[in-house]
Amino acid sequence: MFRKKGAIVRTKKYGKLFRISAIMAAVIIASGLIAYAWQEHEDKKYPEGTEMDYSLPNAFLDFARLIHDFVNQNVEEEPEEPDEPLNSETEEKDNIIIVGSGGEEEPGTNSEGEQEEPEIRGGIVEKNDPDPVYSFRNSLFVGDYFVYQVQNLGLFKDSAFAYVTGLDMNTMLTKKALKLESGNVILSDYVAAMENVEAVYIVISAESVSWMDVPTFVKKYIAFVESIAAAQPEAHIYVQPILPINEEKAAKRGYSVTNEKINQINEYIVSYALENEIWILDMAKDFADKSGMLPPEYTTNGIRFEKETYEIWKDYIMAHKAH
């Protein structure tokens with residue numbers, strides 16, 4: 001009923017060869033007849049023993065040979081299609097057989113050969129449905145007194161915590177304030193000793209801004225973030241901008257930091273995080289009133305939160321989980 005593709009190709013090829021051969025034979029016969037007739041004419045024209053001029057017959061014969069060579073060349077160069085396709089795992093190119101990998105996928109592709117989307121590991125975290133507290137069991141909260149209070153209130157009881165209190169961004173990078181079996185270490189070394197960490201939340205409060213000007217604080221802060229990221233290179237890194245304060249209450253307790261200074265610092269923090277695959281918890285505006293200050297009922301001393309304010313903070317974290 002049906003012929004194979006190879007058989008069809010051979011039939012077409014042989015038909016073409018027959019036509020070319022017929023044309024070639026006709027040209028050769030015509031050339032021979034012309035040459036013979038010309039030879040007879042020349043023999044009658046000149047006396048016996050005279051040297052004859054065969055240039056015209058030879059020209060016809062050369063033309064016939066040229067046609068013959070041209071036709072044969074075209075026939076030899078025409079590729080013959082194979083009867084059966086190459087094996088699906090084999091490719092023939094320039095007489096070299098390249099064997100396939102036997103099903104192994106190239107990096108960055110899925111089983112259908114499509115390019116896999118790279119994992120997103122940074123940007124402003126959008127609000128989503130709140131995750132349960134236990135989903136933070138492989139999360140680590142790192143920072144100052146703020147993180148101490150989060151642990152003390154039991155807000156993320158399944159999470160891990162690493163913090164130092166009474167230090168600023170300068171001494172936090174250098175003071176060996178935490179203890180391991182090997183001895184006292186700085187905060188980043190303590191973080192490096194932890195296992196099974198999927199996410200690190202870096203939380204620094206205005207209490208750690210201290211005496212430093214904006215450029216100095218930003219420089220120290222970035223160095224601190226980089227030291228924590230290097231300690232847990234596989235984890236998602238979350239950064240919380242410094243939250244606003246209530247300047248009136250803070251001034252009564254002797255704090256000199258202002259919300260203007262905090263806002264300047266946060267601009268650098270957000271810019272740095274967006275450029276370095278770090279998640280931003282953009283919550284500062286959620287803790288400010290119309291004047292840009294922390295509402296007085298939210299804070300005990302102008303900087304530290306009331307217990308109920310920590311609950312608001314917890315709800316924000318749970319509804320802004322990106323990984």
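These values consider heavy atoms only, across backbone and side chains, with no hydrogens, waters or symmetry-generated copies. Everything numeric in this text was worked out from a predicted model, so none of it was measured.
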Donor-acceptor contact below 3.5 Å, side chain Asp144 vs main chain Ile204: no
Taking the six-membered ring for Trp, are Tyr310 and Phe146 ring centroids under 6.0 Å apart? yes
I'd like to check the ring pair (Phe, Tyr, Trp, His ring centres under 6.0 Å) partners of Phe287; sequence neighbours left out, ordered by chain and number. Phe305
Hydrophobic cluster identity match, Val200 and Ile269, side-chain contacts under 4.5 Å: yes
With sequence neighbours left out, which residue pairs that include part of residues 265-275 fulfil the side-chain hydrogen bond (donor to acceptor under 3.5 Å, both in side chains) condition? Glu226-Tyr272
For Val197 versus Met194, what's the shortest heavy-atom pair and its separation? CG2-CB, 4.0 Å
Show me the pairs that pass ring pair (Phe, Tyr, Trp, His ring centres under 6.0 Å) and involve residues 165-204, at least two apart or across chains. Phe141-Tyr201, Tyr201-Tyr238
Going by salt bridge (charged side-chain N to carboxylate O under 4.0 Å, His left out), name the residues that satisfy it together with Arg253, two or more places apart in sequence or in a different chain. none
Salt bridge (charged side-chain N to carboxylate O under 4.0 Å, His left out) involving Asp168 - partner list, sequence neighbours excluded: none
With sequence neighbours excluded, give me every side-chain hydrogen bond (donor to acceptor under 3.5 Å, both in side chains) pair touching residues 286-300. Asp289-Ser291
Report the distance from atom CG of Leu243 to atom CD1 of Ile303, rounding to the nearest 0.5 Å. 11.0 Å
Main chain of Lys321, side chain of Asn128: is a donor-acceptor contact present, judged purely on distance under 3.5 Å? yes
Okay, side chain of Gln232, backbone of Val191: is any donor-acceptor separation there less than 3.5 Å? yes
How far apart are the closest heavy atoms of Pro296 and Lys249, and which atoms are they? O-NZ, 2.8 Å
Chi angles and distances behind the side-chain contact (heavy atoms from CB on, under 4.5 Å) call for Leu173, Ile186: CA-CA 7 Å; Leu173 286 163; Ile186 60 176; over 6 Å; no
So with a 6.0 Å cut-off around CD of Glu260, is the heavy-atom count from everything else above 12? no
Would you say Lys176 and Asp189 make side-chain contact, with heavy atoms under 4.5 Å? no
Does the side-chain contact (heavy atoms from CB on, under 4.5 Å) test come out yes or no for Glu311 and Leu153, once each step is laid out? CA-CA 9 Å; Glu311 293 286 349; Leu153 295 172; over 6 Å; no
Ring centres under 6.0 angstrom apart (Tyr145, Tyr148): yes
Does the side chain of Tyr163 reach to within under 4.5 Å of the side chain of Val150, using non-hydrogen atoms? no
Residues Leu281, Trp313; criterion side-chain contact (heavy atoms from CB on, under 4.5 Å); working and verdict: CA-CA 11 Å; Leu281 296 168; Trp313 176 87; over 6 Å; no
Identify whether Ile312 and Met293 are in the same connected component of the hydrophobic contact network (ILVMFWY, side-chain heavy atoms under 4.5 Å). no
Rounding to 0.5 Å, atoms CE (Met212) and NZ (Lys261) come to a distance of 8.0 Å
Sub-3.5 Å donor-acceptor pair from the side chain of Glu247 to the main-chain atoms of Asn259, do we have one? yes
Could you measure the distance from the OG1 atom of Thr171 to the CG atom of Leu187? Nearest 0.5 Å is fine. 11.0 Å
Any idea which heavy atoms bring Ala206 and Ile245 closest together, and the distance? CB-CG2, 3.5 Å
Any sub-3.5 Å donor-acceptor pair from Arg121's side-chain atoms to Ala235's backbone N or O? yes
Could you tell me whether Lys285 atom NZ has more than 12 heavy atoms of other residues or ligands within 6.0 Å of it? yes
